[in-house]
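The block underneath contains the structure these notes are about, expressed in structure tokens.
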Amino acid sequence: MGFLQRAAAVAMLLVSAAGIQAVQSGPAQAALPTAAVALGDSFISGEGAGDYQPVVDASGTAQAFPGWSAANSNAYFCHRSANASVFKASLPGIQQRFNLACSGAQPADIAAPAGARLEGRTVASQLDQLRALAQTYDIDVVLVGLGSNNTQFTFGDVATLCANRFIADAWTGWWEFWAYLKGEVPQKPCTASDLATDTEVAAATTETTAALRQILDTLDQIDADGTHQVILQTYTNPLPPDLAPQYYDEDGRTDTRDKFRALGAERYAAGCPIHRASLAPGHVFSQNLGSLVKNTYATLAAERPAADLRVLDVQKAFDGARLCENPGSPAGALATPVRVQDGPSGTFITSLSGWDKIGIQRAANTCVTYFQTCQESWHPNVAGHTVLGQCLTGALATAPRTIVTCARNANGTLTIS
């Protein structure tokens with residue numbers, strides 16, 4: 001090749017390189033808007049906070065309120081509230097927020113459609129919903145509340161067990177067992193093993209860990225910039241370690257006597273139909289849920305040293321403002337009272353004064369047949385979700401790979417450490 005030919009070849013290479021450089025230095029692809037996403041169950045979805053938004057079901061149809069007598073499997077009863085904590089938190093840099101959690105969700109619902117299991121709601125898997133969001137949003141914050149419902153136990157069953165025992169004890173005399181009922185109606189206070197055994201908690205921990213591992217794997221695959229903060233939230237008990245003294249007895253009867261209807265009605269009206277002796281086991285159950293989340297975190301943090309994980313421990317976030325912790329409950333409490341309906345009417349019963357045991361059984365059966373009529377019971381209310389949102393704000397401001405505790409002080413302020 002002669003000099004002129006070589007010069008021409010070099011010139012062509014320079015032109016080609018310049019063209020490549022021009023393409024590479026052209027306008028950068030616009031960054032996706034940032035988003036925070038809530039995944040998990042009722043304590044994250046906003047159960048109890050009202051203002052529930054339509055929920056897209058597994059077929060892609062948005063389901064608004066279908067009426068109280070609709071099937072409990074209806075997607076709307078995921079109860080995704082506009083007042084949920086993810087919407088109450090201050091999240092600098094986040095442009096949009098999405099609530100994909102569902103009341104009653106179990107670990108299996110993370111990767112599989114909830115309707116695929118017994119009593120699941122007709123929504124797509126939460127990961128499929130997350131993947132769809134990631135097409136148009138950069139997922140930067142993920143709040144997860146998972147573990148209180150699983151194949152071993154559910155929060156709703158635990159709450160129903162203890163409340164029903166108290167109501168039965170308050171309205172049914174021992175002699176009625178033999179004269180009318182021909183058998184025992186459970187009336188004893190709940191024990192810790194009634195709520196969840198150590199073996200059940202261990203199995204639930206394994207389920208929850210597997211589901212959270214799937215969340216982290218999916219985020220690694222779909223997150224636009226590969227950077228995201230994952231907050232694993234614990235649970236808080238809606239009831240105090242003990243009741244305010246005004247709820248100890250009524251008409252001279254405590255909950256250790258046979259039949260105490262006036263006291264039963266008083267505690268129901270206040271939102272805490274439960275034996276005092278059941279409170280300590282209930283707090284053991286709550287602590288076990290906290291340990292479940294923390295143990296899951298420890299496993300995943302060890303597996304993924306680069307992951308931005310942290311635990312938000314909210315077990316003390318309602319201290320001093322739980323149901324029946326102060327006179328005048330449920331006013332001032334951060335959780336919703338137990339409430340049932342006399343049929344799927346939409347009218348909640350706020351007082352059991354004057355009710356007989358047959359009428360109470362009818363209301364209880366409504367809750368069994370149409371669980372959505374009472375599923376708000378013993379969940380954070382609007383004020384409670386506002387507090388949880390403040391806890392979330394504090395957790396995101398701390399260093400990653402930590403356990404952040406959010407505790408309520410006597411004056412109502414929060415300490416986040």
Side-chain angles (χ1 to χ4, degrees), residues 32-57 62-65 75-105 109-110 121 123-124 126-127 129-130 132-134 136-146 148 215 219 223 228-236 238 310-314 317-318 321 333-336 375-376 378-398 404 406 408 412-414 416:
L32 294 176
T34 57
V37 179
L39 302 173
D41 58 30
S42 57
F43 275 69
I44 296 295
S45 75
E47 185 68 75
D51 197 6
Y52 304 120
Q53 305 300 296
V55 176
V56 175
D57 66 16
Q63 297 287 346
F65 177 57
Y76 174 84
F77 295 124
C78 282
H79 275 180
R80 292 174 179 167
S81 173
N83 297 314
S85 62
V86 72
F87 299 115
K88 296 294 186 179
S90 174
L91 305 177
I94 296 299
Q95 296 167 276
Q96 190 58 273
R97 308 171 194 220
F98 297 94
N99 187 355
L100 305 182
C102 185
S103 189
D109 300 346
I110 293 299
R121 296 197 156 104
V123 289
Q126 293 189 29
L127 286 184
Q129 296 175 66
L130 182 65
L133 277 182
T136 49
Y137 289 92
D138 175 17
I139 311 299
D140 277 358
V141 173
V142 181
L143 173 65
V144 185
L146 200 63
S148 69
I215 291 173
L219 285 169
D223 183 27
H228 42 264
Q229 297 171 289
V230 180
I231 313 297
L232 311 180
Q233 183 183 293
T234 66
Y235 298 86
T236 188
R310 62 199 80 183
V311 170
L312 173 55
D313 187 353
V314 298
F318 288 8
L334 295 175
T336 58
Q375 73 179 41
E376 290 180 304
W378 282 349
H379 281 82
N381 56 23
V382 175
H385 279 282
T386 299
V387 167
L388 295 177
Q390 293 169 347
C391 294
L392 175 57
T393 298
L396 289 169
T398 63
V404 182
C406 183
R408 185 178 182 275
T413 61
L414 297 174
I416 300 172

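For the numbers below, each heavy atom of this structure counts, side chains included, while hydrogens, waters and symmetry mates do not.
What you find for L388 and P380 is that their closest heavy atoms are CD1-CG, 4.0 Å. For the residue pair Q126 and C102, the shortest heavy atom distance occurs at NE2-N, 4.0 Å.
Q53 is linked by a side chain to side chain donor-acceptor pair (under 3.5 Å) to D51, counting only residues two or more places apart in sequence or in another chain. Legend: residues meeting side chain to side chain donor-acceptor pair (under 3.5 Å) with R97, ordered by chain and number and at least two apart, are absent. In this view, D140 satisfies the salt bridge (Lys or Arg N to Asp or Glu O under 4.0 Å) rule with no residue, not counting sequence neighbours. Residues satisfying the ring pair (Phe, Tyr, Trp, His ring centres under 6.0 Å) test with F318, not counting sequence neighbours, are none. With sequence neighbours left out, the side chain to side chain donor-acceptor pair (under 3.5 Å) criterion links T34 to Q95. D109 pairs by the side chain to side chain donor-acceptor pair (under 3.5 Å) definition with R117, not counting sequence neighbours. A search for side chain to side chain contact (heavy atoms under 4.5 Å, CB included) contacts involving L414 returns V387, Q390, C391, C406, R408, not counting sequence neighbours. Qualifying side chain to side chain contact (heavy atoms under 4.5 Å, CB included) partners for V141, counting only residues two or more places apart in sequence or in other chains: A36, I94, Q229, L396. Residues passing the ring pair (Phe, Tyr, Trp, His ring centres under 6.0 Å) test with H79, sequence neighbours excluded: Y52, Y76, F77. Residues passing the side chain to side chain contact (heavy atoms under 4.5 Å, CB included) test with A335, sequence neighbours excluded: P238, L323. For A132, there are no side chain to side chain contact (heavy atoms under 4.5 Å, CB included) partners two or more places apart in sequence or in a different chain.
At distances below 3.5 Å, not a single donor-acceptor pair connects side-chain atoms of S103 with backbone N or O atoms of E47. Of the possible donor and acceptor atoms, none in the side chain of R80 sits under 3.5 Å from a partner among the backbone N and O of P54.
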side-chain hydrogen bond (donor to acceptor under 3.5 Å, both in side chains) assessment of S148 paired with D41: CA-CA 8 Å; S148 69; D41 58 30; 3.0 Å; yes
Verdict with supporting geometry, T336 and E376, side-chain hydrogen bond (donor to acceptor under 3.5 Å, both in side chains): CA-CA 7 Å; T336 58; E376 290 180 304; over 6 Å; no
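In this structure the side chain of V311 reaches within 4.5 angstrom of the side chain of T234, judged on heavy atoms.
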Show the atom names and distances, to 0.1 Å, of all donor-acceptor pairs under 3.5 Å that link a side chain in residues 81-92 to residues at least two apart or in another chain.
unit_1	atom_1	unit_2	atom_2	d
S81	OG	G50	O	2.5
S81	OG	N83	N	2.9
N83	ND2	A49	O	2.9

